[in-house]
Amino acid sequence: MEVVLVNSNPATIQTDPETADVIYVEPIRADIIAEIIKKEKPDGILSGMGGQTGLNMTAELAEMGALEGVEILGTPPGGHLPR
């Protein structure tokens, strides 16, 4: 498994090269993350890793259609788990 991480804060532990295989230090904006998704072609996204920001961004990316073919791991957009 290869891990691609997007984080806007270069001072956090997540940006340690041992945490992920590829690290993008970029603003957390849907347009930027959509471009990273196009480039990296992930099989899945861990939506809750960034707390509420990650959940909100996943929902926004899903609404844009940027997550077509990408499995959302963890809490799905909208925060509702299947019953």
Side-chain angles (χ1 to χ4, degrees):
M1 173 172 33
E2 183 178 28
V3 175
V4 177
L5 177 97
V6 181
N7 193 323
S8 62
N9 183 354
T12 64
I13 188 66
Q14 290 98 342
T15 56
D16 184 319
E18 292 183 20
T19 304
D21 299 294
V22 179
I23 298 171
Y24 290 89
V25 179
E26 298 287 346
I28 305 300
R29 293 190 355 220
D31 59 329
I32 292 171
I33 296 174
E35 288 300 315
I36 293 169
I37 291 169
K38 280 185 198 176
K39 179 181 178 188
E40 297 293 338
K41 298 175 180 45
D43 294 321
I45 289 181
L46 186 57
S47 62
M49 175 102 174
Q52 192 62 46
T53 300
L55 294 171
N56 292 343
M57 187 55 49
T58 302
E60 188 174 343
L61 290 164
E63 288 175 16
M64 293 172 50
L67 298 179
E68 292 295 321
V70 178
E71 183 177 359
I72 298 172
L73 309 169
T75 306
H80 302 290
L81 297 174
R83 294 181 184 250

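Please read all numbers here as calculations on a predicted model, not as lab measurements.
- Surrounding CD of Glu68 are at most 12 heavy atoms belonging to other residues, nucleotides or ligands under 6.0 Å away.
- The shortest heavy-atom contact between Leu61 and Ala34 is CD2-N, 3.9 Å.
- The side-chain hydrogen bond (donor to acceptor under 3.5 Å, both in side chains) search around Lys41 returns none, not counting sequence neighbours.
- Grouping the Ile, Leu, Val, Met, Phe, Trp and Tyr side chains by contacts below 4.5 angstrom, directly or via other members, places Met64 with Ile33.
- Between Asn56 and Gln52, the side chains place a donor N or O and an acceptor N or O closer than 3.5 Å (distance only, hydrogens not considered).
- The shortest heavy-atom contact between Arg29 and Met57 is C-SD, 3.9 Å.
- Here the side chains of Val6 and Ile28 are in contact, with some heavy-atom distance below 4.5 Å.
- Of the inter-residue distances, the one linking Glu26 atom CD with Leu5 atom CG reads 11.5 Å to the nearest 0.5 angstrom.
- Just one of Ile72, Leu73, Thr53 meets the side chain to side chain contact (heavy atoms under 4.5 Å, CB included) condition when paired with Thr58; it is Ile72.
- The same ILVMFWY cluster, assembled from side-chain heavy atoms under 4.5 Å apart, contains both Ile32 and Ile45.
- Residues forming a side-chain hydrogen bond (donor to acceptor under 3.5 Å, both in side chains) with Asp21 (at least two apart in sequence, or on another chain): none.
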Tell me, with the steps shown, if Glu2 and Val22 meet side-chain contact (heavy atoms from CB on, under 4.5 Å).
CA-CA 8 Å; Glu2 183 178 28; Val22 179; 3.6 Å; yes
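- Every residue two or more places apart in sequence or in another chain that forms a side-chain hydrogen bond (donor to acceptor under 3.5 Å, both in side chains) with Glu40 is listed here: Tyr24.
- Counting heavy atoms from C-beta on, the side chains of Ile37 and Pro42 come closer than 4.5 Å.
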